[in-house]
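Quick note: numbers below take in every heavy atom, side chains included, and nothing from hydrogens, waters or symmetry partners. If you read the sequence from its start, that first residue is 1, and numbering goes on from there. Counting starts at 1 for both ligands and their atoms, following the listed order.
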Amino acid sequence: MNYQRPKGTNDILPGESEKWQFIEETARLLFGDYQYQEIRTPIFEHYEVIARSVGDTTDIVSKEMYDFYDKGDRHVTLRPEGTAPIVRSYVENKLFGPEFKKPYKVYYTGPMFRYERPQKGRLRQFHQIGVEAFGSENPSLDVETMVMAMDFFKQLGIRHIRLVINTLGDKETRANYRHALIDYLESHEAALSEDSKRRLHENPLRVLDSKDKKDQPIVQGAPSILDYLTDTANTHFETVKKTLDHLGVAYEIDHRMVRGLDYYNHTIFEIMSDAPGMGAQTTICGGGRYDGLVEELGGPAIPGVGFAMGIERILLTLDQEGVIVPSAVNLDAYVVGIGEATNMEVLKIVQAIRGFGYSADRDFMQRKTKAQFKSADKQGAQLVLTLGEDELSQGKINVKSMKSHKEKTFSLEELYQDFNEIYDEMLTFIIE
Ligand code: ATP
Ligand code: MG
């Protein structure tokens, strides 16, 4: 029997989940400002959707898929990333139709699954927040996407980040570059890792993405794709760079960056964390253009651009940068009940307070009065209401403000009818 969570997965417990909510809420608000709307697609997809989009020879598809045959013998897989499912959905739901806004902008958040070697910042079930924008080739949209991601990290309080960009050009660019790269790699074939020897002929660009130490010196000497750009590809990339300059956004160019998914073309980018203690996993966001993908999945020729960021890595970055996540937990009122006889009324009182839109709590553990006050204090209650058996029989309740220490007795009738007034009266002391 194994009653432990599967390797490479995490339980996200209270205390930690508030941080997740903070990240997700920040994204929701910010992406909303950029006119992105949320999309939710299934956790699993037909294998073909992913294999076709991400690419058969990528590590994701060839090694990391959580795929299986279901009881109807359909080949399905847990989704390893968000873009392919969304493109599938975009085509299937004809979201390119004239009734939809262009560019069509969506964001998503949720778990992704890859059979990887778990380590710090690398899990088998991890979580991404991502965006996709369909329908425009305008390089300004590439840049808007990048600066939105940068904005997002800034809003979270993350400081030490770096934007790295590259281009993979158009089809012709890659065809020309592919030849040059194969020529170069063949001359170093003997020294390459086994994986890269295989990649060399299947998909030579993948060699540039190799994490194998053996391949590193060879990759360092590889020809640059920037020397093979067609006029169209060059113009697009130049415009992206100029636009970034125009907005005053700092960036680096890494001509060896290829990203781990085959669907990209033109602009690609990564955002790296420079916070110390991140380990080997410093990429917190990756994205780019995928102009052929909608067509690849059976739709019209519609361009797309997007990014995905890893929530676990963002959390690591927040930790490393010492960012304190604002606590979402608050308690307006704690109701202390003294004596068995108050049990039922105390529940009615907390329910009434909640009915007025405030947060409220009470004791359920038969704690002594003193311990109940302690709980109220520990939970940071603004007001503590105390109901003893005497008060109950007189229809009264004692209310104390923990901020001002003001104390007053109200009738239960008042509380049930106008708790908001009691709340306001008891807490006005704070404003001086
Ligand atoms: P890496 O090069 O680190 O493997 P990747 O290129 O495979 O990343 P993408 O597929 O572009 O990553 O995913 C975007 C982001 O999702 C990454 O930048 C990272 O923050 C996060 N991510 C990817 N794989 C994992 C994983 N196994 N565990 C945790 N986060 C991940
Ligand atoms: Mg990867």
Considering non-hydrogen atoms of the protein only, which is the closest contact for [atom], and what is the distance?
| atom | result |
| --- | --- |
| atom 5 (P) of ligand 1 | Arg114 NH1, 4.0 Å |
| atom 21 (C) of ligand 1 | Gly310 CA, 3.6 Å |
| atom 20 (O) of ligand 1 | Thr283 O, 3.0 Å |
| atom 11 (O) of ligand 1 | Arg259 NH2, 2.1 Å |
| atom 28 (N) of ligand 1 | Leu123 N, 2.9 Å |
| atom 16 (O) of ligand 1 | Gln128 NE2, 3.0 Å |
| atom 30 (N) of ligand 1 | Phe126 CD1, 3.5 Å |
| atom 8 (O) of ligand 1 | Arg313 NH1, 4.3 Å |

Going by atom types alone, do Tyr177 and Glu172 pair a side-chain donor with an acceptor below 3.5 Å?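 Note: Tyr177 and Glu172 side chains miss the donor-acceptor criterion.
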Please determine if Glu270 has a nitrogen or oxygen closer than 3.5 Å to a nitrogen or oxygen of ligand 1.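 Between Glu270 and ligand 1, no N or O pair is found under 3.5 Å apart.
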Aromatic rings Phe419 and Phe356: how do their planes relate, parallel, tilted or perpendicular, breaks at 30° and 60°?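 Geometry flag for Phe356 against Phe419: tilted rings.
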Looking at Phe364, I'd like to know if the NZ or CZ of Arg362 sits under 6.0 Å from its six-membered ring centre while staying within 45 degrees of the ring's axis.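 Here Arg362 passes the 6.0 Å and 45° test against Phe364.
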For Tyr115, is the NZ or CZ atom of Arg124 found under 6.0 angstrom from the centre of its six-membered ring and inside 45 degrees of the ring axis?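 Here Arg124 passes the 6.0 Å and 45° test against Tyr115.
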Using a 4.0 Å heavy-atom cut-off, say whether Asp209 meets ligand 1 through its side chain, its backbone, both or neither.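 Answer for Asp209: neither.
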Ring centroid separation for Tyr104 and Phe96, is it under 6.0 angstrom?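 Here the rings of Phe96 and Tyr104 have centres that are no less than 6.0 Å from each other.
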Please tell me whether Phe152 and Phe31 form a close aromatic pair, meaning their ring centres lie under 6.0 Å apart.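 Distance test on ring centres: under 6.0 Å, yes.
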Electrostatic pair [X]:[Y] at N-O distance under 4.0 angstrom:
| X | Y | result |
| --- | --- | --- |
| Arg114 | Glu81 | no |
| Lys241 | Asp142 | no |
| Lys242 | Glu238 | no |
| Arg40 | Glu38 | yes |

State the atoms of ligand 1, each with its element, that fall below the 4.0 Å cut-off from a heavy-atom position in Ile284.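 Within the 4.0 Å cut-off of Ile284, ligand 1 contributes 18 (O), 20 (O).
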Is the closest heavy atom of [X] to ligand 1 under 4.0 Å?
| X | value |
| --- | --- |
| Glu312 | no |
| Lys211 | yes |
| Gln281 | no |
| Glu81 | no |

